[in-house]
2 protein chains.
Amino acid sequence: MNASMSGKSASKKIVNPLDDMVGYQLRRASVAMFDDLATALVDLDLRPTAASILLLVGANPGITQSAIGRVLEIERANMAPQAAMLTKRDLVARSASDGRSQGLRLTALGKTIVTKVRARIAVHEQRFIAEFSEAEKAALLRALKSVWQD
Amino acid sequence: MNASMSGKSASKKIVNPLDDMVGYQLRRASVAMFDDLATALVDLDLRPTAASILLLVGANPGITQSAIGRVLEIERANMAPQAAMLTKRDLVARSASDGRSQGLRLTALGKTIVTKVRARIAVHEQRFIAEFSEAEKAALLRALKSVWQD
DNA sequence: TATTGTTATACTCTATAACTATA
DNA sequence: TATAGTTATAGAGTATAACAATA
């Protein structure tokens with residue numbers, strides 16, 4: 001122990017065995033980005049989940065609630081209030097699909113909001129990956145997909 | 001559109017704009033690993049959070065609840081029931097530190113359990129990163145830390 | 001029989017506020 | 001004044017079960 005470590009006010013270095021665990025680091029990184037996104041969307045009165053649903057409807061006009069749930073892994077039971085909220089706020093409209101399901105589409109208002117959502121997300125993502133090269137970003141995305149896909 | 005795409009049973013390909021978003025891919029990967037870890041620990045009757053506390057106490061005998069909370073970003077109020085549970089189960093013991101705080105240490109039982117926890121985590125991590133080279137794993141950890149640290 | 005959408009509900013995780021005791 | 005630990009509680013997010021209507 002060197003001189004700067006002596007005395008009662010020595011900085012007690014904490015050993016963190018979670019430091020080199022992929023699962024833990026993934027969780028911390030995920031929570032950090034999720035919280036930042038929530039903050040970035042707060043004035044649009046959208047949670048990250050609702051924003052992701054809008055993006056999916058925007059890219060797939062006529063998609064059903066159940067299909068959205070399957071893609072985003074949101075239970076049907078939890079999709080119902082989300083779809084109801086987005087419809088009530090006139091961001092999404094329902095069009096008859098078959099007797100038991102309805103296709104969802106963005107309304108005009110929904111389209112203007114989703115454009116804002118895309119811009120917020122772009123800025124949000126840049127806050128975290130600004131110093132990554134394109135190759136590094138691609139490698140990261142590939143690694144992340146391999147963790148949860150297949 | 002080619003022949004295989006014609007007809008009413010054509011596979012409707014869903015476009016997923018979240019596919020190349022780091023934040024979303026992080027979340028999916030994080031949830032996948034978290035759920036797998038929870039399953040891997042279920043017969044030890046430990047949740048991932050409790051396991052992480054045990055690892056931290058094991059690596060830092062005498063650490064206080066508050067210090068653990070600062071490292072793992074767990075509120076003091078949420079550390080209390082965790083510490084109480086681990087103490088009640090005789091995995092952790094409290095030793096007087098100063099009048100308002102107590103250092104935590106693993107008991108003999110706690111040491112045997114934390115050894116099992118480490119083994120479970122090692123297998124669990126391997127399930128996800130078995131095909132990563134050491135360089136790829138290091139690059140991933142570096143990228144994840146840069147996302148949430150500083 | 002299986003699927004869609006819905007409601008109700010329970011469970012977990014996390015955040016905030018308030019309090020006591022000690023530094 | 002600030003910190004440690006505790007309790008109570010509120011708010012999200014998510015999971016399960018049950019039901020009606022339709023395929």
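Below, each value reflects all heavy atoms present in this structure, side chains not excepted, and no hydrogens, waters or symmetry copies. These numbers come from a predicted model, not from an experiment. The sequence lines fix the lettering, A, B, ..., with proteins before strands; numbering per chain opens at 1.
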Side-chain atoms of residues 111-125 of chain B: list all donor-acceptor pairs with protein atoms under 3.5 Å, sequence neighbours left out, distances to 0.1 Å.
unit_1, atom_1, unit_2, atom_2, d
B:T112, OG1, B:L109, O, 2.8
B:T115, OG1, B:K111, O, 2.9
B:R120, NH1, B:A40, O, 3.0
B:R120, NH1, B:D43, OD1, 2.7
B:R120, NH2, B:D43, OD2, 3.2
B:H124, ND1, B:D36, OD2, 2.7
B:E125, OE1, A:V22, N, 3.0
B:E125, OE2, A:V22, N, 3.0
B:E125, OE2, A:G23, N, 2.9

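Between A:G99 and B:R27, the residue anchored nearer the 5' end of DNA chain D, judged by the nucleotide with its closest heavy atom, is B:R27.
Residues of residues 39-48 of chain A having a heavy atom closer than 4.0 Å to DNA chain D, listed by number: A:R47. Looking at residues 69-89 of chain A, you'll see A:E75, A:A77, A:N78 sit with a heavy atom under 4.0 Å from some atom of DNA chain D.
At a threshold of 4.0 angstrom between heavy atoms, the contacts of B:S97 with the nucleic acid are absent.
Residue A:Q65 places no side-chain N or O under 4.0 Å from the OP1 or OP2 atom of C:dT3. Checking the phosphate oxygens (OP1, OP2) of C:dG5, a side-chain nitrogen or oxygen of A:S66 falls inside 4.0 Å.
Taking hydrophobic clusters as Ile, Leu, Val, Met, Phe, Trp and Tyr residues chained together by side-chain heavy-atom distances below 4.5 Å, A:L86 shares a cluster with A:V71. Grouping the Ile, Leu, Val, Met, Phe, Trp and Tyr side chains by contacts below 4.5 angstrom, directly or via other members, places A:L106 with B:L18. Under the 4.5 Å side-chain heavy-atom criterion for ILVMFWY residues, no single connected hydrophobic cluster contains both B:W148 and B:V31.
The side chain to side chain donor-acceptor pair (under 3.5 Å) analysis of residues 46-59 of chain A, with sequence neighbours excluded, yields no pairs. Residues in residues 66-84 of chain A take part in these side chain to side chain donor-acceptor pair (under 3.5 Å) pairs, two or more places apart or across chains: A:E73-B:R28.
Between A:M85 and A:L91, the closest side-chain pair of non-hydrogen atoms is not below 4.5 Å. In this structure, B:S95 and B:R105 have side chains that are in contact, with non-hydrogen atoms separated by less than 4.5 Å. In this structure the side chain of A:Q102 never reaches within 4.5 angstrom of the side chain of A:T64, judged on heavy atoms. Within the 4.5 Å cutoff, the side chain of A:L144 has heavy atoms near those of the A:L26 side chain.
Interface limits on DNA chain D: the 5'-most and 3'-most nucleotides within less than 4.0 Å of chain B heavy atoms are D:dA2 to D:dT14.
Nucleotide C:dA21 holds its P atom 15 Å from the CD atom of B:Q102, rounded to whole Å.
Nearest heavy-atom pair, B:A59 versus A:P17, reported as atom, atom and distance to 0.1 Å: CB-CG, 3.8 Å.
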